[in-house]
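Each chain gets a letter, A, B and so on, in the order its sequence line appears, and its residues count up from 1. None of the values given here were measured: they were computed from a predicted structure.
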Protein chains: 2
Amino acid sequence: MTETFRTELMRGSLDLMILSVLAEGEKYGYLIQQSLRDSSHGRADPKAGTLYPLLQRLENEKLIRSRWESETGRRRKWYSLTAKGKKKLQVQAEEWFELTACLEKLLKPVVQISPKPA
Amino acid sequence: MTETFRTELMRGSLDLMILSVLAEGEKYGYLIQQSLRDSSHGRADPKAGTLYPLLQRLENEKLIRSRWESETGRRRKWYSLTAKGKKKLQVQAEEWFELTACLEKLLKPVVQISPKPA
DNA sequence: TCCTATATATAGACTTCCGATACATCAGGC
DNA sequence: GCCTGATGTATCGGAAGTCTATATATAGGA
C-alpha cells in the first residue's frame, strides 16, 4: 500500500498476468497456472506457493471474487474478475504498454547490434 | 542465485534498465538515476536507497566496473559495463522481448475494449 | 546563513516470490 | 487392493528486491 503504482508494475507483472488471464473467463487456481504457462510458452510459470497467496491478496483487494465448486468431489475454487478488477486491469495494462515502450526504446539499440552478421 | 533468469525478469526490469542505460556510456549513480527517469518520462524512478545497493550487487557479479573520479571535490563513482555485462544485457534483452510479446498478446484484447467508442 | 541540488551510502521494514511440505481426490497400472 | 502420478488448494520459512529514512559531504543561490 505504501508503493506507487508504477513500482508495482516494475516489481512484477504477475498481478497483471493473473488479471488478464481471468479476463478470458472464470478459472480456478490450477487452471490459471496452466493458462499462464501455456500462453507464455513456459516463460511465466508461477508456482503454487506463489499463486494461491497472490489470489488471496487479489480477493482481499476486491479485484477478484471466488466461489467453491460444489457437487463434485474435487475441491475447486473458481475465480473471476470484479468490476474493480476489470477497471484495474485496464488502467494497469495501459501503464504497462507505456513503460514497455520506454524500455523498448532503451533496448532496441542493444539487441540490434546482436543479430548483425559479423 | 537460486532464482531462474525468467523470475528475475518478472521481478523487476530494473537490472535490465540499469545495464541498458550504461550501454550508452560510462555514468555515475546520480546520472544513471536521472537518465532512467528522463528516458522513461518519470515512470521508472529508482530511489537512491535502491540504486546504490543494486550497483554494488551488479559490480559484485562483475557485470559492471567502477572507478572513483579524483581531482574534483565532488565524489563521483563512474560505472561502466564489463564484457560479461554486455553479454548479459544482450541475452536478457532478448528474453525481455520474448516475454513482453507474450504479455502483449494477453493484454491486447483488454486495452482494445477500452478506446472503443460507446 | 540557510536551503536546495548534487552525490554516495547504510539500516530497517515491507513485499514478492520461491521451495518445501502437507493434505485430499482421482485415474491407471500391477 | 495398493501404489504412483496428476490434479487441486494451502501454509510456512527464507531469499531477495525496493522503499523510506537517515547520514554525510560539497556546491551554488537567495
ask   = Taking only N and O in the side chain of A:Tyr28, is any of them less than 4.0 Å away from OP1 or OP2 of D:dG8?
value =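 Yes, because at least one side-chain N or O of A:Tyr28 sits under 4.0 Å from OP1 or OP2 of D:dG8.
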inquiry  = Any side-chain N or O of B:Arg76 below 4.0 angstrom from OP1/OP2 of C:dT6?
reply    =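 Checking B:Arg76 against C:dT6: no side-chain N or O falls below 4.0 Å of OP1 or OP2.
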key: Salt-bridge criterion met for B:Asp15 and B:Arg57 (N-O under 4.0 Å)   =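 So B:Asp15 pairs with B:Arg57 through a salt bridge.
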How close or far is atom [atom2] of [N] from atom [atom1] of [X], stated in whole angstroms?
| X | N | atom1 | atom2 | result |
| --- | --- | --- | --- | --- |
| A:Leu31 | D:dA6 | CG | P | 18 Å |
| A:Gln33 | D:dT7 | CD | C1' | 11 Å |
| B:Leu14 | D:dA16 | CG | C1' | 13 Å |
| B:Asp15 | D:dG17 | CG | C1' | 9 Å |
| A:Glu69 | C:dC26 | CD | C1' | 14 Å |
| B:Ile32 | C:dT8 | CD1 | C1' | 12 Å |
| A:Tyr30 | C:dC23 | OH | C1' | 15 Å |
| B:Leu51 | C:dA9 | CG | C1' | 11 Å |

Once you round to the nearest 0.5 Å, how far does [atom1] of [X] lie from [atom2] of [Y]?
| X | Y | atom1 | atom2 | answer |
| --- | --- | --- | --- | --- |
| A:Leu63 | A:Leu55 | CG | CG | 11.5 Å |
| A:Ile64 | A:Thr82 | CD1 | OG1 | 8.5 Å |
| A:Leu106 | B:Trp96 | CG | CH2 | 9.0 Å |

query = Are any side-chain N or O atoms of A:Lys84 and backbone N or O atoms of A:Glu61, one a donor and one an acceptor, separated by less than 3.5 Å?
reply =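 Side chain of A:Lys84 to backbone of A:Glu61: a pair is present.
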ask   = Counting only N and O atoms by type, is there a donor-acceptor contact under 3.5 Å from the side chain of B:Thr50 to the main-chain atoms of B:Pro46?
value =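 No, because the side chain of B:Thr50 does not come within donor-acceptor range (under 3.5 Å) of the backbone of B:Pro46.
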ask   = Which part of the nucleic acid, if any, lies within reach of A:Lys47 when heavy atoms closer than 4.0 Å are counted: base, sugar-phosphate only, or nothing?
value =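 The residue A:Lys47 makes sugar-phosphate contact but no base contact.
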With the criterion being N/O to N/O and under 3.5 Å, what pairs connect the protein with nucleotides 10-13 of chain D, and how long is each?
{"unit_1": "D:dA10", "atom_1": "OP1", "unit_2": "A:Lys77", "atom_2": "NZ", "d": "3.3"}
{"unit_1": "D:dT11", "atom_1": "OP2", "unit_2": "A:Gln56", "atom_2": "OE1", "d": "3.4"}
{"unit_1": "D:dT11", "atom_1": "OP2", "unit_2": "A:Gln56", "atom_2": "NE2", "d": "2.8"}

query = Pick one: which of A:Glu59, A:Glu69, A:Arg67 meets side chain to side chain contact (heavy atoms under 4.5 Å, CB included) with A:Lys77?
reply =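 The single option meeting the side chain to side chain contact (heavy atoms under 4.5 Å, CB included) with A:Lys77 is A:Glu59.
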ask   = Where the side chain of B:Arg57 is concerned, which of C:dC18, D:dT18, D:dG8 is the nearest nucleotide?
value =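 The listed nucleotide nearest to B:Arg57's side chain is D:dT18.
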